[in-house]
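For reference, the structure is listed below as structure tokens.
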Amino acid sequence: MDVMLVEDRPPEMIEQLKGLWRRSVEATHDFLTVADMDRIGAYVPDAIASVEELAVAYGDDEALLGFVGVQDGTVEMLFVDDARRGQGAGSSLLRFAVEELGARQLEVNEQNPQAAAFYAHRGWHVTGRRDVDDRGEPFPLLQMELLSSDEKPE
């Protein structure tokens with residue numbers, strides 16, 4: 001598996017990442033309706049295009065496994081293709097975000113306990129909570145930090 005920083009983000013790549021985002025969200029965000037996913041999906045391409053640092057994970061077969069976006073030391077997005085979950089892509093992307101991009105903070109949907117447990121298992125700690133997301137939608141977020149520089153995600 002290779003994780004690579006992406007500088008050039010052509011429309012084809014953004015569409016491919018949006019498709020991966022959708023497959024990931026459909027598998028893990030059971031609190032979202034199809035209408036919610038459609039609405040949120042409309043602004044995903046802009047989020048991918050504008051995030052400061054974007055890294056993608058590719059499998060040995062060169063298939064796209066997932067991506068992570070970091071802005072000002074905060075993991076803004078981390079998604080793994082549902083068909084490739086459990087193969088280490090999420091851990092590799094998170095490790096890259098911490099070690100190469102300096103990520104120390106993130107927010108995760110409270111209604112996605114599997115993701116919150118993923119981060120907690122890798123040394124991230126809940127430091128706060130918000131009742132709504134960045135767009136004011138009623139999707140509570142847990143604020144998490146990697147508190148010690150000695151802690152490294154697996």
Side-chain angles (χ1 to χ4, degrees), residues 1-6 9-59 61-98 101 103-122 124 126-146 153-154:
M1 175 180 327
D2 290 318
V3 177
M4 295 180 283
L5 197 58
V6 175
R9 302 173 199 172
E12 304 81 34
M13 173 181 263
I14 290 176
E15 279 304 307
Q16 187 179 17
L17 294 176
K18 180 184 175 188
L20 185 151
W21 169 86
R22 182 67 181 238
R23 291 186 300 277
S24 177
V25 168
E26 286 175 346
T28 60
H29 291 60
D30 58 2
F31 58 94
L32 293 177
T33 66
V34 171
D36 291 333
M37 287 183 233
D38 290 344
R39 186 178 62 258
I40 295 166
Y43 62 81
V44 167
D46 286 339
I48 294 169
S50 65
V51 70
E52 183 178 17
E53 305 282 0
L54 179 70
V56 297
Y58 291 98
D61 59 357
E62 299 184 16
L64 179 63
L65 305 178
F67 66 95
V68 63
V70 176
Q71 184 80 32
D72 298 323
T74 299
V75 174
E76 295 289 340
M77 58 188 81
L78 193 159
F79 295 95
V80 174
D81 196 320
D82 182 51
R84 304 302 288 258
R85 283 179 40 205
Q87 298 178 17
S91 295
S92 293
L93 287 163
L94 185 60
R95 184 172 33 262
F96 188 90
V98 170
L101 305 178
R104 307 302 291 170
Q105 299 178 347
L106 61 83
E107 290 184 318
V108 63
N109 289 104
E110 182 178 61
Q111 295 158 299
N112 186 353
Q114 188 175 32
F118 167 83
Y119 294 118
H121 180 73
R122 286 153 184 82
W124 294 74
V126 175
T127 58
R129 182 185 182 276
R130 294 193 299 143
D131 290 333
V132 296
D133 68 11
D134 291 338
R135 296 195 178 259
E137 303 246 14
F139 305 123
L141 296 171
L142 298 176
Q143 299 160 322
M144 300 183 84
E145 289 186 35
L146 191 59
E154 293 178 5

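Computed over heavy atoms, backbone and side chain alike; hydrogens, waters and symmetry mates excluded. Positions are given from 1 along the sequence.
A distance of 9.0 Å separates CG in Leu106 from CG in Leu146, rounded to the nearest 0.5 Å. In this structure, Asp38 CG and Arg22 CZ are separated by 4.5 Å, a value rounded to the nearest 0.5 Å. How far CE of Met37 is from CH2 of Trp21: 7.5 Å, rounded to the nearest 0.5 Å. The structure places NE2 of His29 at 9.5 Å from CD of Gln111, a figure rounded to the nearest 0.5 Å. Within the model, atoms OG1 of Thr74 and CG of Leu101 stand 12.0 Å from one another, a figure rounded to the nearest 0.5 Å.
Taking all atoms of both residues into account, the shortest heavy-atom contact from Met1 to Ser92 is SD-OG, 3.5 Å. Nearest approach of Ala97 to Val70, heavy atoms of both residues: CB-CG2, 3.8 Å. Across all non-hydrogen atoms, the minimal contact from Ala115 to Val108 is CB-CG2, 3.6 Å. What you find for Phe79 and Ser24 is that their closest heavy atoms are CD2-OG, 3.6 Å. Of all heavy-atom pairs between Val132 and Pro138, the closest is CG1-CA, 4.3 Å. Heavy atoms only, all atoms of each residue included: Lys18 and Ile48 are closest at N-CD1, 4.1 Å.
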- Task: Would you sort out whether Leu94 and Val68 count as a side-chain contact (heavy atoms from CB on, under 4.5 Å), showing the intermediate values?
- Result: CA-CA 7 Å; Leu94 185 60; Val68 63; over 6 Å; no
- Item | Worked check of side-chain contact (heavy atoms from CB on, under 4.5 Å) between Leu65 and Leu93 | CA-CA 10 Å; Leu65 305 178; Leu93 287 163; over 6 Å; no
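Between Arg85 and Gln114, some side-chain heavy-atom pair lies under the 4.5 Å cut-off. Looking at Phe139 and Asp36, their side chains come closer than 4.5 Å, going by heavy atoms from C-beta outward. No side-chain heavy atom of Val98 sits under 4.5 Å from any side-chain heavy atom of Arg122. Residues Met144 and Val75 form no side-chain contact, since every pair of their non-hydrogen atoms from C-beta on lies 4.5 Å or further apart. Side-chain atoms of Asn109 and Leu141, non-hydrogen and from C-beta on, do get closer than 4.5 Å to each other. You'll find the side chain of Phe67 stays beyond 4.5 Å of the side chain of Val6, heavy atoms only. The closest side-chain heavy-atom distance from Gln143 to Gln105 is not below 4.5 Å. Side chains of Leu17 and Leu64 form a contact here, defined as non-hydrogen atoms less than 4.5 Å apart.
The main-chain N or O of Asp46 is found under 3.5 Å from a side-chain atom of Ser50 such that the two form a donor-acceptor pair. The main-chain N or O of Glu52 is found under 3.5 Å from a side-chain atom of Gln71 such that the two form a donor-acceptor pair.
The pair Arg104-Asp72 does not meet the salt-bridge criterion, since no charged nitrogen lies less than 4.0 angstrom from a carboxylate oxygen. Looking at Arg23 and Asp81, a side-chain N of the basic residue comes within less than 4.0 Å of a carboxylate O on the acidic one, giving a salt bridge.
If you look at Tyr119 and His121, their ring centroids are not closer than 6.0 Å.
Counting heavy-atom neighbours within 6.0 Å of Glu137 CD, excluding the residue itself, gives a total above 12.
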